[in-house]
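Comments concern the structure below.
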Amino acid sequence: MKKIILTILAMTVASVIVKADPAKKVNVTYKDGILKIEALHKVKDVSLHYIDLITVTVDGKEYKVIKPKKQTSPASEVVEIPLQGKPKGTKIEVTTRCNEFGKKSGSLTL
């Protein structure tokens, strides 16, 4: 009985891992007081499969949380955020989450 339960559990975990589809890469750039986030996440239907959560932290503190309802294009999710007055050395981290499963992060130090 234990073998059957362990087999079913292992198959369930494996199927979740195979389903994981985070962004392939998260590009974070900063120019003229604008933080640009580009999560490379190829999808067929931008309203069914998309990046549904973007969390921006600045020097370890949550700065902004964005909850898109669909992806900006079939190739990627692109967001621009005003972020002015940050000194050199400021660390910015962006974490994205796919609505189906999986997270991917990117970072930048000004």
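Note that the structure is a prediction, hence the values are computed from the model and not measured.
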ILVMFWY network linking V56 to L108, side-chain heavy atoms under 4.5 angstrom: yes
Listed once per pair and sorted, the ring pair (Phe, Tyr, Trp, His ring centres under 6.0 Å) pairs that draw on residues 44-79, sequence neighbours left out: H41-H49
Donor-acceptor contact present, side-chain E77 to main-chain A39, <3.5 Å: no
T55 OG1 to L53 CG distance, which is reported to the nearest 0.5 Å: 4.0 Å
Distance-minimising heavy-atom pair for G102 and P22: C-CB, 3.7 Å
Nearest-0.5 Å distance, CG of residue D59 to NZ of residue K91: 9.5 Å
Gap separating the NZ atom of K86 from the CG atom of L110, nearest 0.5 angstrom: 9.5 Å
Main-chain N/O of A75 paired to S73 side chain as donor or acceptor, under 3.5 Å: yes
CD1-OH distance between I92 and Y30, expressed to the nearest 0.5 angstrom: 7.0 Å
Rounded distance [0.5 Å steps], CG in L35 versus CD1 in I37: 4.5 Å
Taking every non-hydrogen atom, the tightest pair across K104 and V26: O-CG2, 3.6 Å
Set of residues satisfying side chain to side chain contact (heavy atoms under 4.5 Å, CB included) with respect to T29, sequence neighbours excluded: K36
Sidechain-backbone polar pair: T57 side chain, G60 backbone, donor-acceptor under 3.5 Å: no
With sequence neighbours excluded, residues passing side chain to side chain contact (heavy atoms under 4.5 Å, CB included) with I66: I54, K64, P68, V79, I81
Test log, rule side chain to side chain contact (heavy atoms under 4.5 Å, CB included), inputs L83 and I34: CA-CA 5 Å; L83 183 67; I34 301 293; over 6 Å; no
Verdict with supporting geometry, R97 and D52, salt bridge (Lys or Arg N to Asp or Glu O under 4.0 Å): CA-CA 6 Å; R97 182 182 74 188; D52 74 338; 3.1 Å; yes
Shortest non-hydrogen contact from K70 toward S47: CB-CA, 3.9 Å
Euclidean distance, I51 CD1 relative to C98 SG, rounded to 0.5 Å: 5.5 Å
Atom of Q71, atom of V43 and distance for their closest heavy-atom approach: NE2-CG2, 3.7 Å
